[in-house]
Amino acid sequence: MDVTLHLAQDPDADELLGRSPLAALVGMLLDQQVPMEWAFKGPRTIADRLGADDLDAHDIAARDPEAFAALLSEKPAVHRYPGSMAKRIQQLCQYLVEHYDGDAAAVWKDAGTGKELLRRLEELPGFGKQKARIFLALLGKRLGVRPTGWREAAGAYGEPDSFRSVADITGPESLAKVRAHKQEMKAAAKTAKKASSS
């Protein structure tokens, strides 16, 4: 895995995401309730604070939870909810150590089908159905991980030439399109909620 991603819109952070399977998973995990760039910058910030060039699942899984939470809470905080996110990242790393010997890439390396890969992603702590589908689309569209039926398994996120999620971001222009799509979705959901309550 060594590609250039443009999710954090920060060269150092994006470089790490493009070469580190664990950094990409952690970035995806952090991508909720904060701007996308902030979430995907998180893995680089964590690695820097650990004095490391990459994230290590064994190392993170074994760390004292309070100390790890404090590390994420340092200013600027890695996430709006650094304490709960520190816990989630440790749970993810513990799961990877237990099931994949700490190798994040092993989650997708030998997955024979898109359906199987989606199942594996959904089993990861902190990954619900939607997050798993988006990450599957990211793997297929940006990282060249394309088991049979990956687009179908990713659902709408797997559609070519769409601007629905982080899987579709290749630079500032596509980021703006994805952001516009998300705002349209939020507005539509709000309208539907109003209609159903009146």
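Only a predicted model underlies this, so the values are computations on that prediction, with no experimental measurement involved.
Minimum interatomic distance between D53 and L16 (heavy atoms only, all atoms of both residues): O-CD1, 3.6 Å. Heavy atoms only, all atoms of each residue included: A153 and K115 are closest at CB-N, 3.9 Å. Of all the heavy atoms in P43 and L55, the pair that sits closest is O-CD2, 3.8 Å. Contact detail for L117 and A111: the closest heavy-atom pair is CB-CB, 3.8 Å.
Salt-bridge check for E184 with R164: failed, with every basic side-chain N at 4.0 Å or more from each acidic carboxylate O. Between D14 and R19 there is no salt bridge, since no side-chain N of the basic residue sits under 4.0 Å from a carboxylate O of the acidic one. Between D110 and R120 a salt bridge is recorded (basic side-chain N to carboxylate O distance below 4.0 Å). By the 4.0 Å N-to-carboxylate-O rule, D12 lies too far from R44 to be salt-bridged with it.
Within a 6.0 Å sphere centred on NZ of K141, heavy atoms belonging to other residues, nucleotides or ligands number more than 12. For K131, the NZ atom sits in a packed shell: over 12 heavy atoms of surrounding residues, nucleotides or ligands are nearer than 6.0 Å. Counting non-hydrogen atoms of neighbouring residues, nucleotides and ligands closer than 6.0 angstrom, the CD atom of E74 exceeds 12 such neighbours.
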Requested in this report: Tell me, with the steps shown, if R119 and E123 meet salt bridge (Lys or Arg N to Asp or Glu O under 4.0 Å).
Outcome: CA-CA 6 Å; R119 180 186 55 74; E123 287 170 355; 2.9 Å; yes
Query raised in the report: Does the pair M85 and V78 meet the rule for a side chain to side chain contact (heavy atoms under 4.5 Å, CB included), with working shown?
Result: CA-CA 9 Å; M85 280 304 172; V78 169; over 6 Å; no
Requested in this report: I would like to know whether S20 and D54 meet side-chain hydrogen bond (donor to acceptor under 3.5 Å, both in side chains); could you show each step before the answer?
Outcome: CA-CA 7 Å; S20 168; D54 194 356; 2.7 Å; yes
Query - Verdict with supporting geometry, K87 and E66, salt bridge (Lys or Arg N to Asp or Glu O under 4.0 Å) - result: CA-CA 9 Å; K87 192 176 175 182; E66 282 181 25; over 6 Å; no
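Rounded to the nearest 0.5 Å, atoms CD (E159) and CD (E152) are 10.5 Å apart. S162 OG to H181 NE2: the interatomic distance, rounded to the nearest 0.5 Å, is 8.0 Å. L7 contributes atom CG, which lies 9.0 Å from atom CG of L175 (distance to the nearest 0.5 angstrom). Going from atom CG of L121 over to atom CZ of F127 covers 7.0 Å, rounded to the nearest 0.5 Å. Note that NE2 of H79 is 12.0 Å distant from OG of S73, once rounded to the nearest 0.5 Å. In this structure, CG in L136 is found 9.5 Å from CD in E122, a value given to the nearest 0.5 Å.
Side chain of Q90 to backbone of R63: a donor-acceptor contact under 3.5 angstrom is found. Distance alone, capped at 3.5 Å, is enough to place a donor-acceptor pair between the E116 side chain and the G112 backbone. Side-chain atoms of H58 come within 3.5 Å of backbone N or O of D101 as a donor-acceptor pair.
By the 4.5 Å heavy-atom criterion applied to side chains, T170 and R142 are counted as neighbours. Residues V145 and W150 fail the side-chain proximity criterion, which asks for heavy atoms closer than 4.5 Å.
Less than 6.0 angstrom separates the ring centroid of W108 from the ring centroid of F135.
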